[in-house]
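Everything on this sheet refers to the single structure shown next.
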Amino acid sequence: MNAAAPQPKANMGRPEPRIDGRLKVTGAAKYPSDMAVENPAFAVLVTSAIARGRVTALDLAEAKAVAGVLEIFTHENTGALKPVPLSGALSASTSIQNLGPEIAHDGQIIAMVVAETFEAAREAAYRVKATYASEKPSATFGSAGVEEEKLDEKFPAVGDVDAALDKAAIVMEAEYGTPTQHHNAIELFTTTCQWNGGRLTVFEPSQFVYGLKNSLATCLDIDPDSIDVISPYVGGGFGSKAQLTPRTSLVALAAKVLGRPVKLVPTRDQGFTIATYRAETQHRIKLGARKDGKIVAFEHDGKEITSRPDPYSVAGVEDSARMYDFGAVRTKVSLVHADRNTPGFMRSPPVVPYIYALESAMDELAVKLGMDPVQLRRINDTQKDPISGKPYSSRSLMQCYDQAAQAFGWSQRKSAPGAMQDGDWLIGWGCATAVYPTHTGPAAVRVRLSPDGKVLVQTACHDIGTGAYTVIGQTAAEELGLSLDDVDVQLGDSTLPAGPVAGGSNTTASACSAVMQACAAMREKIFRAATTQNKGALAGQPMTALSLAEGRIDGADGTSMPLSELLADANVGEIDEYAEFVPHGVKSNAAKNLFKGKIAFAGGSHGDKLMYAMGAEFVEVRIHKRTCEIRVPRIVGAFAGGRIVNPRTARSQLMGGMIWGISSALHEATEIDKGAARYVNDNFADYLVPVNADIGEVDVIFVSEEDSDVNPAGVKGLGELANVGTAAAVANAVYHATGKRIRQLPIRIENLL
Ligand code: MOS
């Protein structure tokens with residue numbers, strides 16, 4: 001055991017190393033972008049130079065004259081592609097299959113050149129001459145011409161907020177803002193398509209192979225079951241690879257027309273506009289409290305940017321409204337439609353911006369009350385939903401605060417801003433809550449046990465770097481009493497039984513529950529065979545007396561036989577179990593629908609109990625007195641997420657989450673040219689992400705928690721938990737160091753000078 005492989009506590013599995021780790025570090029793991037096809041043609045995209053208007057002419061003559069060019073696809077020869085709506089099929093619909101001539105956003109695909117070589121395609125792409133009739137675009141909040149739409153869904157509300165605010169001793173009101181962010185995974189948005197007769201194989205990094213297959217089938221107007229999507233590894237997803245985007249059907253069409261495989265590798269800057277992003281948000285928060293710190297009213301108005309056609313929203317008031325024992329609650333969400341590509345999921349989509357606002361406001365309220373911010377959370381902690389009164393299935397928020405505060409040394413904090421200094425540096429300590437709704441979805445799985453005692457687990461889940469291969473393998477090994485070395489896991493392939501989207505942090509909960517179901521059925525077969533055969537140590541024993549451990553079947557009174565012996569004796573060849581797990585709280589046909597690319601989640605604020613994973617994060621910032629340079633030497637987070645299948649992979653997820661949170665606070669933002677509605681820093685030189693020098697000590701503490709309500713695996717999921725609240729903790733620490741409250745992220749030197 002070491003820091004990377006923490007000692008398991010209660011309700012935690014073993015910190016096994018990743019079963020795909022060696023393949024990845026040796027380069028043997030084949031990502032979709034690596035897949036070799038025979039005789040590929042190469043595609044290069046041409047994207048719009050304007051954000052609003054139309055293409056009036058496309059002059060292709062020079063481009064077509066480049067040696068090696070095979071075809072150029074434009075709106076004039078791609079009419080066969082059908083639109084896919086945003087809802088249902090998880091598609092980033094802006095301009096899906098709209099290659100113009102109308103332009104809805106900057107960087108919209110207007111043509112795709114395919115050539116014998118990448119170089120020829122790129123040169124020809126440069127020679128495509130587009131002429132535009134440009135209109136003035138609306139870029140973002142405050143731009144002329146944006147259209148505001150108040151969403152009329154029923155957002156959380158209870159009690160009389162105005163009356164409660166009138167009576168409150170203290171009212172805290174403030175506005176907060178978060179910027180656009182782009183995912184910037186290392187593996188670009190590549191697509192390779194190959195037809196074999198009527199069958200299409202798509203190699204594309206995907207967080208949802210069944211979703212991609214079904215949405216693409218709609219676009220191409222073909223049978224979904226004639227499409228295979230292959231994505232065994234994903235070089236970074238973060239939500240950007242969970243849906244169909246416009247390039248895929250274009251590549252598929254090109255491969256069909258040209259009768260040979262076509263490979264597209266878009267550039268990094270194209271990735272900013274041909275896929276999705278985290279939209280900028282604005283929040284107005286009001287908190288009313290009594291003098292003793294009890295909150296009596298909470299109001300949260302959110303505003304989010306989206307594209308003109310698509311009502312994409314994350315609406316995190318569903319979660320912010322349930323965080324504390326608020327008393328009266330009123331929430332609202334509005335969309336602001338601009339001339340932009342459609343936003344989409346990005347790690348912890350609803351909670352990252354909305355909880356940033358709430359947790360900043362909580363700190364501001366604590367300051368107004370002259371109260372320790374941990375104490376404010378303690379006074380307002382709850383075990384039930386302030387909106388509906390439903391209980392939490394489990395909620396260990398204050399245990400997280402207590403353990404993280406202790407490890408951080410919070411009791412040493414001097415509360416006045418600027419009171420803690422070290423030479424030229426101001427020291428600030430801040431904290432905030434992390435929260436993520438627990439999602440469990442349906443999943444289908446096949447588990448196969450060979451006569452030699454080896455197990456194969458197959459499900460079209462996805463390992464986007466999270467450790468899914470390992471935790472799924474561990475679950476099968478535990479359930480069958482075998483070692484992890486005996487288990488092989490296959491994921492990320494739509495020819496396997498359907499697995500859920502790698503989104504909403506549901507994979508471990510859903511897939512492990514499905515594996516448990518299949519293994520339980522398999523155990524029963526094994527036990528029946530062992531007890532009903534005519535010979536052997538276990539013959540005649542009751543099935544309930546049997547268990548599996550270390551490759552043996554153990555019976556009553558110390559009797560036992562090797563599993564391999566039973567398999568040989570029974571002469572069954574292999575045992576094959578197929579299971580469709582459907583969580584409590586979704587429709588019984590949810591597993592069947594998953595095969596059609598439709599997602600259903602139980603948990604969060606839905607069901608009869610609230611299901612959430614929680615955490616508490618404490619941050620130290622140091623701010624140079626003259627230069628205002630901001631450093632984060634240490635961060636401590638304590639998290640409760642139900643059963644932890646693997647403390648090593650879980651720690652890695654939580655650590656990565658906190659690092660991303662620091663990035664959100666201090667580094668990351670897509671800058672927008674407001675005149676052109678264009679992303680400016682669309683490259684890794686200018687889009688800031690933290691490097692090693694930006695990150696100091698990151699300490700992850702697991703808080704043991706048991707929850708049998710969430711799902712059979714008892715797992716809450718924590719892929720997205722830890723970057724929630726982090727930005728608020730940093731901003732709160734910046735206030736503590738300087739007395740300056742910065743309410744618009746990211747916080748930069750110029751905000752403090
Ligand atoms: Mo995650 S943004 O739900 O892929």
Side-chain angles (χ1 to χ4, degrees), residues 86 89-92 178 180-187 189 204-212 215 231 233-245 271 275-279 281 304 306 312-316 318-319 342-356 434-441 443 460-468 491-492 499-511 594 597-606 611-613 641 653-654 656-657 660-661 663-664 668 715-727:
L86 177 74
L90 272 184
S91 305
T178 65
T180 304
Q181 295 182 338
H182 276 82
H183 311 77
N184 276 301
I186 294 295
E187 189 175 19
F189 295 101
E204 177 175 310
S206 172
Q207 293 174 246
F208 191 25
V209 291
Y210 268 86
L212 189 60
S215 307
S231 178
Y233 300 97
V234 182
F238 320 118
S240 67
K241 290 164 180 164
Q243 58 275 303
L244 181 73
T245 60
T276 60
Y277 60 98
R278 193 198 295 283
T281 66
E304 307 176 21
T306 187
Y312 179 84
S313 73
V314 299
E318 291 294 346
D319 306 309
T342 300
F345 313 124
M346 186 160 170
R347 202 174 189 176
S348 345
V351 269
V352 154
Y354 282 80
I355 297 298
Y356 156 70
V435 60
Y436 197 79
T438 297
H439 294 133
T440 310
C461 287
H462 314 79
D463 192 324
I464 60 171
T466 45
L491 309 176
V501 60
S505 298
N506 87 98
T507 295
T508 304
S510 312
L594 188 61
K598 292 192 187 127
I599 292 170
F601 281 153
S605 59
H606 306 304
M611 296 176 182
Y612 283 84
Q653 287 297 290
L654 294 165
W660 197 341
S663 177
S664 286
E668 236 179 300
V715 165
K716 284 188 172 178
L718 26 82
E720 293 168 279
L721 173 63
N723 63 324
V724 183
T726 318

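Residue numbers start at 1 and run along the sequence shown. One-based numbering, in listed order, for ligands and for the atoms of each. When reading the values below, keep in mind they use all heavy atoms of this one structure, side chains included, and skip hydrogens, waters and symmetry mates.
Relative to the ring axis of Phe189, Lys241 places its NZ or CZ within 45° and under 6.0 Å from the centre.
With 3.5 Å as the limit, one finds a donor-acceptor pair spanning the side chains of Ser505 and Glu720. Judged purely by distance below 3.5 Å, without hydrogens or angles, the side chains of Ser215 and Gln243 never pair a donor atom with an acceptor atom.
Closer than 4.0 angstrom to ligand 1 lie heavy atoms from Gln207, Phe238, Gly239, Phe345, Met346, Arg347, Pro349, Ala502, Gly503, Gly504, Glu720.
Classification of the Tyr277-His182 ring pair by plane angle, with boundaries at 30° and 60°, yields parallel.
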Next on the checklist: Checking Glu668 against Ser663 for the side-chain hydrogen bond (donor to acceptor under 3.5 Å, both in side chains) test, could you report, in this order, the C-alpha distance in whole Å, the side-chain angles of both residues, the deciding distance, and whether it holds?
Outcome noted: CA-CA 6 Å; Glu668 236 179 300; Ser663 177; 2.7 Å; yes
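In this structure, His462 and Thr507 have side chains that are not in contact, with every pair of non-hydrogen atoms separated by 4.5 Å or more.
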